[in-house]
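Input: a single structure, listed below in structure tokens.
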Number of protein chains: 2
Amino acid sequence: MRDPEATLRQHDLPVTAQRVAVLRAVSRHPHATADELAEGVRGELGSISRQSVYNVLNVLTDKGIIRRIQPADSAALYEDRIGDNHHHLVCRSCGRTEDVNCAVGEAPCLKAHSHHGFKIDEAEVIYWGTCPACQKKRR
Amino acid sequence: MRDPEATLRQHDLPVTAQRVAVLRAVSRHPHATADELAEGVRGELGSISRQSVYNVLNVLTDKGIIRRIQPADSAALYEDRIGDNHHHLVCRSCGRTEDVNCAVGEAPCLKAHSHHGFKIDEAEVIYWGTCPACQKKRR
DNA sequence: ACGAAGTTTTGGACTTTGTCAAAATCCCTG
DNA sequence: CAGGGATTTTGACAAAGTCCAAAACTTCGT
């Protein structure tokens, strides 16, 4: 995130210390949970309420400034990188999450559209597997 | 599910009334939550504890007899249909969930494997959109 | 069938993740 | 720099699951 304050203004959001700090924390820690981000913000601001972290994350997500992903068995994760149609790779045993560029062009399996009369607007892909570290442990 | 009892025995699971009833409920109501299934079971058995429903669903899921999906903003959903690599279509506003046969052959975007050294075992795809009923309401 | 041994089921407390509402505070415009 | 509207804080609450110990049940060998 180049300039958090400018980004907020571009979206008509009043600039507050909490918002700037949360944005920076998301930038610094991609795929972090709300609680982890709160910790990150506290390192910068000294303190922030749990509710504010949620408020800010919700506003930023609604405005499309950040993106929320919610893999099974995990709290919601937030990330900076948006609008580039990438997907995620999640370790089943430790939860480690990595970005994966879409394997099938732009809107991946979006070919499935118009099924059941639904109007599809996004195809979310999560690759489940085992990360290198966890592969070693299991042996 | 042809024969719940036989299925349980095949997997070395003691046959209990609760397990049979839960299996039947999952069969009858694809994409139902644990609570909804509990209600279904109560219609059949009279009563079952919440914990037993979770125990049974967990055991069945571990054994691969049923499958659990966990779309964002929803409790876990359970289904009968397994091993056929199908995906899901979820309505953003009402949560209605439908099956979708994979658009891209067998293991869809599994081509992304070996990324980051992960050993990938599943590619989960969720199509997000708006179902016909909710499209009407919005207009 | 019967009883012992091992599982399941129960019921209640607890945890995690997140939301609601009201009061206090802050940001931005004039 | 004052005022109004938005934001943050605080504390209570809700949903979905899990943990635990005790009671009840299944299963298996005889």
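These values consider heavy atoms only, across backbone and side chains, with no hydrogens, waters or symmetry-generated copies.
At whole-Å resolution of the value, CZ in B:R42 and P in C:dT10 are 9 Å apart. If you take CD of B:E39 and P of D:dA16, they are 13 Å apart, rounded to a whole angstrom. In this structure, A:I48 atom CD1 and C:dC26 atom P are separated by 14 Å, rounded to whole Å. C:dG18 atom C1' lies 10 Å from atom CZ of A:R68, rounded to whole Å. In this structure, A:E5 places its CD atom 11 Å from P of C:dC27, rounding to the nearest Å. If you measure from atom OH of B:Y78 to atom P of D:dA16, you get 12 Å, rounded to the nearest angstrom. With rounding to whole Å, A:Q70 atom CD is found 9 Å from C:dT19 atom P. A:L8 places its CG atom 17 Å from the P atom of D:dA6, with the value rounded to the nearest Å.
Listed candidates were C:dT8, D:dT7, C:dT17. Nearest to the side chain of A:D35 is C:dT17. Distances were taken from every side-chain heavy atom of B:V15 (C-beta onward) to each of D:dT27, D:dT9, D:dA16; the shortest belongs to D:dT27. Looking at the side chain of A:P14, the nearest of the listed nucleotides D:dT9, C:dC28, C:dG18 is C:dC28. Nearest to the side chain of B:S49, among C:dG18, C:dT9, D:dA6, sits C:dT9. Here the nucleotide nearest the side chain of A:N58, chosen from C:dT19, D:dT7, C:dT8, is C:dT19. Nearest nucleotide to the side chain of B:Q51, out of D:dT9, C:dG12, C:dT7: C:dG12. Which of C:dG12, C:dT19, C:dT17 sits closest to the side chain of A:A75 comes down to C:dT17.
In this model, the phosphate group of C:dT8 is not approached by any side-chain N or O of B:S52 to a distance below 4.0 Å at OP1 or OP2. Between D:dT8 and A:T16, a contact under 4.0 Å exists linking OP1 or OP2 to a side-chain N or O. Checking the phosphate oxygens (OP1, OP2) of D:dT8, a side-chain nitrogen or oxygen of A:Q18 falls inside 4.0 Å. Contact check, B:R50 against C:dG11: no side-chain N or O comes under 4.0 Å of OP1 or OP2.
Classification of A:D84 and A:R81 as a salt-bridged pair holds, one side-chain N sitting under 4.0 Å from a carboxylate O. Note on B:E5 versus B:R19: no salt bridge recorded, every NZ/NE/NH1/NH2 to OD/OE distance being 4.0 Å or above. Using a cutoff of 4.0 Å between basic side-chain nitrogens and carboxylate oxygens, A:R67 and A:D80 are not scored as salt-bridged. Taking a cutoff of 4.0 Å between a charged side-chain nitrogen and a carboxylate oxygen, A:E79 and A:R68 do not qualify as a salt bridge.
There is a side-chain donor-acceptor pair under 3.5 Å between A:D99 and A:H86.
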